[in-house]
Amino acid sequence: MKRNLLLIFLVTLVGIIYIGRLFYLQIIVGGNKNPINSATVKIEYDYPERGYIYDRNNKLLVANQISYDVMIVPKEVKSIDTLEFCSLLKISKEEFSSKLKKIKGNPKKYAPWLPEIFIKQVAKENFAYLQEKLHKFNGFYIQKKIIRNYPIKSAANILGYLGEVNQLEAKKHNYYNSRDLIGRGGVERYYEDILRGIKGKKYYNLDHVRRITGSYKNGSYDTLAVAGNDLTLTLDSNLQKYGELLMTGKRGGIVAIEPSSGEILALVTAPSYDPNLMVGRKKSINSTILFGDKINNPTYDRGLQGAYAPGSPFKILNGLIGLQEGVIDKNTAVYCNGGYRYGKRKYEYMKCHCGIYRRPIRLKTAIAKSCNSYFAETYRKIINKPKNTKIGFENWSNQVKSFGLGNYLGYDLSVGNKGLVPNTKFYDDRYNFGWRATTNISNAIGQGEILTTPIQLANATAAIANKGFYYTPHILKKIKNKKINNVKFTTKKQTGVETRHFPEVIEAMHEVFKTGTGKYSQVKGIEICGKTGTVENFARINGKKVQLKDHSILIAFAPKENPKIAMAVFVENGGYGSTIAAPITSLMVEKYLTKTITRKDVEERMINLSLQDEYDKLIPKKDTIAPTTE
Amino acid sequence: MRQQQNNIFANIDWFLVLLFFSLVIFGWINIYAASSTNSEGSILDFSTRYGKQLIFILLTIPLIILILFLNSKFYEQFSSLLYVSSLILLAGVFIFGKKVNGATSWYNFGGIGLQPSEFAKAFTALALAKLMSDRQYNLKLIKNQVKAFVVIFLPAFFIALQPDMGSVLIYFSFFFVLNREGLTLRYFTLGVTTIILFLLTVYFGTKWVLISSLALITIILIYISYKNKQFIRFNWPIILGTYVALILFIVGVGYTYTSILKQHQKDRFDVLVGKIEDNSGIGYNTYQSEQTIKSGGFSGKGFLQGDRTQGNFVPEQDTDYIFSTVSEEWGFLGSSLVIILFMVLLYRIIYLSEKQTNKFARIYGYGLVSILFFHVVVNIGMVIGLLPTIGIPLPFFSYGGSSLWGFTLLLFIFIRLDAHKKYDY
């Protein structure tokens with residue numbers, strides 16, 4: 001190497017290496033970095049007011065209250081006067097040091113430069129005083145947050161509650177930061193985007209010890225908070241509260257819908273809880289208790305999620321389908337004589353309690369007296385109408401589904417259950433030897449494989465009340481006092497049964513409350529049309545299949561002309577439909593239509609009636625429980 | 001010679017002067033960004049760092065005029081005297097000096113600090129040039145090599161006592177001068193091999209480095225003997241010596257590292273070779289510096305817009321880490337421009353040195369280029385995280401009067417010498 005070349009070579013080599021290194025650092029690694037996320041910029045959020053929620057009569061259901069959290073920035077905590085600090089916040093020294101240790105000793109979970117809640121929701125009265133005193137303590141400050149307040153103390157299943165966004169969600173959704181509040185369940189969850197508003201942001205420059213040195217880029221990135229929108233629900237909170245009152249001591253659900261619009265008037269699940277339990281310092285304890293209660297399941301919405309066999313009310317649908325398919329008319333007669341034989345074998349016999357012997361039973365009577373034989377015969381005729389049973393069955397299945405059964409209805413609440421309406425494939429999979437109408441004859445009386453939720457049944461009732469169509473049930477009426485215009489909720493959904501077939505059935509349902517199973521639950525001056533049901537049910541207790549007290553069921557709408565309310569009532573293990581579900585229905589109808597209750601004795605009896613003894617049977621005895629592989 | 005006194009700017013290399021002022025001014029802009037706060041005074045405010053630096057820069061002008069005013073023969077004739085006086089100044093620090101950051105390297109004149117080691121480099125370069133430009137001087141003789149080493153390492157010895165190890169390292173750069181004047185590359189190769197072996201041993205541990213380096217040596221020997229059979233026959237002592245030295249060195253380093261060094265000393269090496277990552281302890285400066293460089297991106301955030309610079313994230317940012325300010329606020333474009341400017345400066349000095357007919361000027365030029373090169377390599381290498389943390393300033397850029405004047409002195413003496421050559425005959 002020529003002597004003078006060594007340095008030239010080295011200068012060139014180092015130059016290339018260094019520029020290459022800069023290229024790597026600044027363009028390959030650093031080029032796509034978002035400057036706002038860097039350690040030099042602090043974002044302060046201004047949380048907007050969350051929208052209020054009102055009921056259909058503009059009664060306030062959900063409001064806000066301000067809460068103050070004491071925040072800690074672990075890195076900034078310097079030696080502080082612990083004694084003074086503890087007496088200021090009214091905590092013990094042990095509590096203080098254990099909390100501090102938990103946060104400071106775990107930098108993986110609690111990033112040292114990010115604020116973390118140190119004490120949740122200090123009392124409002126202390127705020128001003130604390131604010132003034134707290135500045136002495138480096139690393140601590142007070143943050144204002146908006147939390148919920150539920151003046152009506154009911155409808156927890158509809159309203160939902162607010163929870164904190166966890167780190168996983170915060171990563172997934174751009175908008176949220178870890179520990180922000182987010183709607184969990186009910187309207188709070190479904191309409192989160194409308195309710196929450198948009199939080200304001202202020203960016204600040206930080207120096208190396210995370211002191212604010214000024215606003216970032218003169219505030220050009222800063223945004224103002226936008227308040228959330230108020231919602232008006234279709235709910236009638238008086239009716240809702242009344243329903244919850246009537247269901248005291250019982251399990252089940254009540255769903256009431258306005259047939260002419262699909263608006264949900266009441267959506268009762270029992271047992272439920274006071275939504276205020278899910279707010280405030282006790283929230284985490286309460287939520288553990290409520291969600292952990294697997295026996296009463298108060299967080300399970302039986303009105304939306306509970307799938308039950310529909311029982312006798314389902315006969316109405318079979319009657320309607322029979323009329324539509326032309327296999328019966330209003331004069332078709334069936335003889336019952338205490339039961340219906342559908343095969344030669346001994347067990348191929350369905351008992352009936354209609355009590356009509358040696359007289360022809362026609363549709364109106366069959367509905368009023370709930371005759372099993374009549375509908376078993378009708379069901380057979382529907383299925384066997386085409387030569388191919390499977391086509392007949394598929395046709396029947398589709399007709400049932402046209403009433404909104406067997407699938408999610410598409411309402412604006414975030415929980416639900418599809419229920420079950422079997423199709424041919426269902427039975428093909430089940431029976432490899434083939435099957436006929438008589439194989440699943442129980443479908444005729446709503447006791448077979450069919451499962452429905454109270455809201456589905458209430459919706460089907462609304463379709464009957466409307467004589468052949470329904471609107472998708474929904475809970476939201478107005479946003480910011482402006483009526484919503486969601487096509488999903490304003491489109492008429494036609495059932496497969498023509499309007500002309502309904503009057504006969506409606507007459508029969510009226511007859512139920514005049515002379516039939518609901519006659520003891522008549523309300524003076526209101527023509528209620530309905531159908532009771534009593535559903536057998538079984539449970540496995542201590543490994544044995546046990547028949548439990550029947551579920552008490554009823555569907556109804558009122559008044560007969562121009563119906564204002566359609567509803568379904570399910571009371572678990574309530575016994576006959578006529579003894580519990582019918583009085584509850586009639587009270588609800590009366591409450592909604594007249595705002596007063598005339599039959600105080602019935603009301604009192606229903607409120608005080610408790611089925612707790614019956615439910616206690618369901619709890620497996622601890623000493624006999626055995627580990628099973630099931 | 002007469003002409004020269006009429007016009008002190010005659011024949012000077014304006015290109016170097018231009019480069020000098022570009023670097024100094026761009027440097028000051030970055031010092032302003034790195035040291036300014038929101039409560040601003042005037043730019044001449046002597047209480048701020050950038051205000052002081054501006055005054056330092058303005059004071060280079062009389063210094064430059066003085067350097068250019070003196071006859072180029074003056075530097076040759078008085079080099080020994082200047083060298084000796086710089087040694088006295090270095091020694092005097094221990095009596096009259098002030099201790100700053102654990103090192104006694106400063107004189108204090110009424111609030112203004114002066115660092116003699118910054119000037120000693122220039123005078124050492126002069127003395128070395130003087131020594132080696134003698135017609136009798138032959139670098140092949142060991143005696144002469146020792147003389148050169150004494151001239152170079154005497155000031156380094158005083159500086160090591162202060163202690164300021166970063167500045168001591170600079171004196172090793174004079175190797176390039178010796179090499180240019182005829183010293184074989186053997187010393188250089190030996191030095192570089194030693195450093196590489198040392199780092200490898202620290203990183204991989206004694207065993208593997210020993211095995212693989214012995215294997216490598218053996219392969220090389222087999223290759224050489226295959227090409228030239230004579231080699232093996234006559235060089236047994238050298239071959240055996242190489243093996244023994246290699247084993248002794250690696251085992252020695254391994255032993256020193258694992259058994260003798262204290263933990264905090266080991267940590268420095270471990271962070272350097274990347275064995276441990278430590279972003280808050282001793283690796284903090286480098287980590288912050290790298291983050292700052294990364295955040296600059298392609299075109300930078302703009303003057304005074306570097307939030308990491310403005311937030312004082314990088315320690316010592318207006319002195320040793322000034323390059324990170326360039327990288328953040330001017331991005332890849334700005335920082336590579338600075339590197340290119342330095343490269344051009346170095347090329348230009350090498351080119352001019354080679355053109356010198358006067359041996360003294362050529363040797364001095366090489367001294368200058370070696371010192372500058374070493375400073376740039378070590379400083380920027382540290383800031384961009386390629387070299388360990390060694391605190392030496394970036395020439396013309398870093399804050400500090402002594403450093404700026406020291407480099408001005410170095411550069412403009414060369415410009416003076418260079419201007420003279422044109423009518424040397």
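In what follows, chains carry the letters A, B, and so on, assigned in the order in which the sequence lines appear, proteins first and then strands, with residues in each chain numbered from 1.
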Given that the side chain runs from C-beta out, which part of [X] has a heavy atom under 4.5 Å from chain A: side chain, backbone, both or neither?
X: B:Leu346; result: side chain
X: B:Ile339; result: side chain
X: B:Phe332; result: both
X: B:Val376; result: backbone
X: B:Ile350; result: side chain
X: B:Ser327; result: both

[X], [atom1] atom: more than 12 neighbouring heavy atoms under 6.0 Å:
X: B:Tyr351; atom1: OH; result: no
X: A:Glu95; atom1: CD; result: yes
X: A:Leu13; atom1: CG; result: yes
X: A:Lys202; atom1: NZ; result: no

request  = Would you please say whether a donor-acceptor pair under 3.5 Å links the side chains of A:Thr12 and B:Tyr347?
outcome  = yes
Does the side chain of [Y] come within less than 4.5 Å of [X]'s, by heavy atoms?
X: B:Ile340; Y: A:Ile19; value: yes
X: A:Leu10; Y: B:Val377; value: no
X: B:Phe323; Y: A:Leu22; value: yes

key: Reference residue A:Gln26; test side chain to side chain donor-acceptor pair (under 3.5 Å); the match among B:Ser336, B:Ser335, B:Ser295   = B:Ser335
[atom1] of [X] to [atom2] of [Y]: how many Å apart, nearest 0.5 Å?
X: B:Leu386; Y: A:Arg21; atom1: CG; atom2: CZ; value: 4.5 Å
X: B:Lys294; Y: A:Ile27; atom1: NZ; atom2: CD1; value: 14.5 Å
X: A:Ile16; Y: B:Met343; atom1: CD1; atom2: CE; value: 6.5 Å
X: A:Leu25; Y: B:Gln291; atom1: CG; atom2: CD; value: 9.5 Å

inquiry  = Below 4.5 Å, heavy-atom pairs only: which of B:Gly331, B:Ser370, B:Gly296 has the largest tally toward chain A?
reply    = B:Gly331
ask   = Side chain, backbone, both or neither: which part of A:Tyr24 has a non-hydrogen atom closer than 4.5 Å to chain B?
value = neither
query = For A:Val11, is it the side chain, the backbone, both, or neither that has a heavy atom closer than 4.5 Å to a heavy atom of chain B?
reply = both
inquiry  = My understanding is that only residues two or more places apart in sequence, or in another chain, count here; which of them pass side chain to side chain contact (heavy atoms under 4.5 Å, CB included) with A:Met71?
reply    = A:Asp69, A:Pro115, A:Ile117, A:Tyr141, A:Gln143
key: salt bridge (charged side-chain N to carboxylate O under 4.0 Å, His left out) contacts touching residues 329-350 of chain B (sequence neighbours left out)   = B:Asp13-B:Arg348
